[in-house]
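Encoded as C-alpha cells, the structure appears first; notes follow it.
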Amino acid sequence: MIVLGIESSCDETGVALYDTDRGLLAHEIHSQIDLHALYGGVVPELASRDHIRRLVPLTTQILHNAGLQRGEIDGVAYTSGPGLAGALMTGALMARSLAFSLGCPAIGVHHMEGHLLAPMLEDETPPFPFICLLVSGGHTLLVQVEGIGRYRVLGESLDDAAGEAFDKTAKVLGLPYPGGPHLAKLAVDGDAKAVKLPRPMLNRPGLDFSFSGLKTAAITELRNNPHLSKADLAASFQAAVVDTLLAKCERALKQQGISTMVISGGVGANQLLRDQAETMSAAAGWQVFYPRLEFCTDNGAMIALVGALRLNAGEFEELAVNIKPRWSLEELGAV
Ligand code: KG4
Ligand code: ZN
C-alpha cells in the first residue's frame with residue numbers, strides 16, 4: 001500500500017510517499033523559517049498562505065522522484081492536529097480533495113504520534129515498549145509507548161516547552177529565529193560550568209518539567225552582567241536543559257522498568273542531548289534510538305508512516321475534513 005503523507009501543522013510543509021512493503025519512497029520538506037524570521041516567530045496567516053503555495057508542487061515533485069503516477073497512490077494521510085488551525089486546514093483540504101478525486105481513503109494523523117513513531121522510518125527500529133522523550137518547539141512530553149496507538153503520557157512541561165525555552169533564551173542572546181540550533185552552535189565555544197543555573201523540578205517527585213524559571217534565570221544573569229560571555233551562558237543554559245530532560249528520562253525508565261528509550265522532536269537534534277543520552281544508557285545497559293536528524297523536526301515522512309500503519313490496519317474515516325488544533329495523544333485508539 002502506497003500512502004502520501006502531508007504535514008502542514010506549523011511552519012514546515014512536508015510531503016512523503018511511504019510504501020508498506022518497501023518503506024519510504026520519497027520525501028520533501030519546505031521550511032518557512034526565512035518567511036517568519038523577520039517577525040521573530042511563526043505568523044499563522046503567513047504560514048497558511050505559504051502551505052497553499054507549496055503543497056501541490058512538492059507533491060508533484062515527490063511523485064516524480066519516486067517514479068510514480070498519481071493513480072498509484074492507495075491512501076492519503078494528513079496531520080489533523082495539534083497545530084495552527086489555518087495551517088492544518090490547508091493540508092487537510094488538499095489531502096481530502098486528492099483522495100476523493102483518486103477514489104482512495106484519507107486519514108487524519110496526530111502530529112505527536114508522527115514524532116513518537118519517526119524512529120520506525122530507520123533500518124533499526126526500537127522494540128516496544130519504550131519511553132519516548134518528545135521534545136519540540138511546542139511540546140515536552142515523556143510518553144510510554146506500548147504499541148501503535150497505545151500511549152501513556154507520564155510527564156509533560158507545566159509551562160514552556162524545551163524548544164520554546166531554547167528559542168526565547170536565544171532571542172535575548174541576539175540569535176536568529178528559531179534560536180535552538182543557533183544557541184547550540186554558540187555553546188560549543190562556551191564553558192557549561194561558568195553560570196550556575198537551576199535544574200528545575202529535580203528535587204520533586206514525578207515526571208513533569210518546567211522550563212520557564214530556567215529561561216528567566218538565564219535571561220536575568222545576562223541582564224545583570226552585561227559582560228558575561230554569551231557562549232558561556234549558552235553552554236550553561238543548554239547543559240541545564242539537557243541535565244533536566246535526561247534526569248526525568250532516567251527516572252521514567254527506572255520507575256516503569258523499561259530499557260529502551262527514544263528521543264524525538266526538534267530538540268532531539270541537539271548533539272549534547274544525544275551524547276549525554278548515549279553515556280547514560282551505556283552505563284545503565286539501556287538502548288537509545290533516534291530518527292535521523294531531518295526526521296526529528298517536522299516532516300511528511302512520519303505522517304505518511306503513521307497513515308500507512310493505520311490505513312493498512314483497516315482504519316477508515318468518513319468523508320469529512322477533520323482538524324483538531326488541540327488533541328491529546330491518549331485519545332488515540334490502538335491498532
Ligand atoms: O519538532 P519541531 O520541528 O517543531 C515543533 O513541532 O515544534 O521542533 C522545533 C524546535 C525549535 O524550538 C528549535 O529551536 C528546536 O526544535 N531545535 C533545537 C535544535 N534543533 C532544533 N533545539 C536545540 N538544539 C538543536 N540542535
Ligand atoms: Zn513537531
Side-chain angles (χ1 to χ4, degrees), residues 5-14 29-33 36-37 40-42 44 47 78-84 87-88 91 109-119 132-141 143 156-157 160-173 175-188 190 192 211-212 214-215 218 234-246 262-277 290-303 305-306 325-327 329:
I6 297 177
E7 156 61 33
S8 72
S9 66
C10 190
D11 58 348
E12 258 108 21
T13 318
I29 303 172
H30 173 78
S31 166
Q32 300 179 353
I33 284 179
H36 302 292
V42 178
Y78 61 96
T79 303
S80 53
L84 301 170
L88 290 168
V109 167
H110 196 296
H111 179 82
M112 308 311 269
E113 183 174 39
H115 279 305
L116 285 183
L117 302 183
C132 179
L133 172 68
L134 208 172
V135 267
S136 72
H139 297 265
T140 302
L141 294 173
V143 184
E156 61 192 317
S157 179
D160 289 0
E164 191 180 352
F166 262 101
D167 294 345
K168 288 178 177 168
T169 307
K171 199 170 186 176
V172 177
L173 286 169
L175 299 170
Y177 159 85
H182 296 283
L183 190 148
K185 215 166 152 200
L186 181 63
V188 171
F211 289 108
S212 152
L214 169 58
K215 167 201 72 190
S236 304
F237 172 81
Q238 178 179 242
V241 175
V242 168
D243 283 353
T244 310
L245 289 173
L246 290 179
V262 163
I263 300 183
S264 72
V267 183
N270 185 275
Q271 197 56 48
L272 183 75
L273 179 61
R274 288 180 171 226
D275 291 346
Q276 283 191 204
Y290 326 84
R292 73 191 81 160
L293 286 179
E294 62 187 328
F295 295 155
C296 274
T297 45
D298 293 348
N299 64 86
M302 65 186 192
I303 304 303
L305 167 78
V306 172
R326 287 176 172 272
W327 190 8
L329 263 176

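When a ligand or atom number is given, it counts from 1 through the structure's own listing order. The figures here come from the full heavy-atom set of this structure, side chains too, leaving out hydrogens, waters and symmetry mates.
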Could you list the atoms of ligand 1 found under 4.0 angstrom from a heavy atom of [X]?
X	value
Val267	15 (C), 16 (O), 18 (C), 22 (N)
His115	1 (O), 6 (O)
Thr297	3 (O)

For a side-chain contact (heavy atoms from CB on, under 4.5 Å) with Thr169, tell me which candidate from Val241, Leu183, Asp160, Leu214 qualifies.
Leu183
Would a line drawn from the ring center of Phe166 to the ring center of Phe211 be shorter than 6.0 Å?
no
With a cutoff of 4.0 Å, is Gln271 in contact with ligand 1, counting heavy atoms of the residue only?
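Outside the 4.0 Å threshold, so no.
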Which atom, counting only N, O or S, brings Asp298 closest to the Zn ion (ligand 2)?
OD1
Atom 17 (N) of ligand 1: of Gly114, Cys296, Gly266, the nearest heavy atom sits on Gly266
Which residue from Ser136, Gly138, Pro181, Ala161 reaches closest to atom 25 (C) of ligand 1 through any of its heavy atoms?
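Checking each option, the heavy atom nearest atom 25 (C) of ligand 1 is found in Pro181.
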[X] contact mode with ligand 1 (heavy-atom cut-off under 4.0 Å):
X	result
His139	neither
His111	side chain
Asp167	side chain

Judged by atom type as modelled, is there a donor-acceptor pair below 3.5 Å linking the side chain of [X] to the main-chain atoms of [Y]?
X	Y	value
Thr140	Ala162	yes
Arg326	Pro82	no
His139	Leu134	no
Ser264	His115	yes

Separation of [Y] [atom2] from [X] [atom1] (nearest 0.5 Å):
X	Y	atom1	atom2	result
Glu113	Thr79	CD	OG1	11.0 Å
Ile6	Ile303	CD1	CD1	10.5 Å
Leu117	Met112	CG	CE	12.0 Å

Just to confirm my output: which protein heavy-atom neighbour is closest to [atom], and how far is it?
atom	result
atom 26 (N) of ligand 1	Asn270 CA, 3.6 Å
atom 22 (N) of ligand 1	Gly180 CA, 3.5 Å
atom 6 (O) of ligand 1	Asp298 OD1, 3.2 Å

I'd like to know if the side chain of Glu7 pairs up with that of His111 as donor and acceptor (distance under 3.5 Å, no hydrogens or angles considered).
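Side-chain D/A pair, Glu7 to His111: present.
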Do ligand 1 and Gly163 have nitrogen or oxygen atoms that lie under 3.5 Å from each other?
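For ligand 1, there is an N or O atom that lies under 3.5 Å from one belonging to Gly163.
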Polar contacts were defined as any N/O atom of the residue lying under 3.5 Å from an N/O atom of the ligand; does this apply to Gly137 and ligand 1?
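Such a contact does occur with ligand 1.
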How wide is the angle at the Zn ion (ligand 2) spanned by His111 NE2 and His115 NE2, rounded to 10 degrees?
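My answer is 90°, to the nearest 10°.
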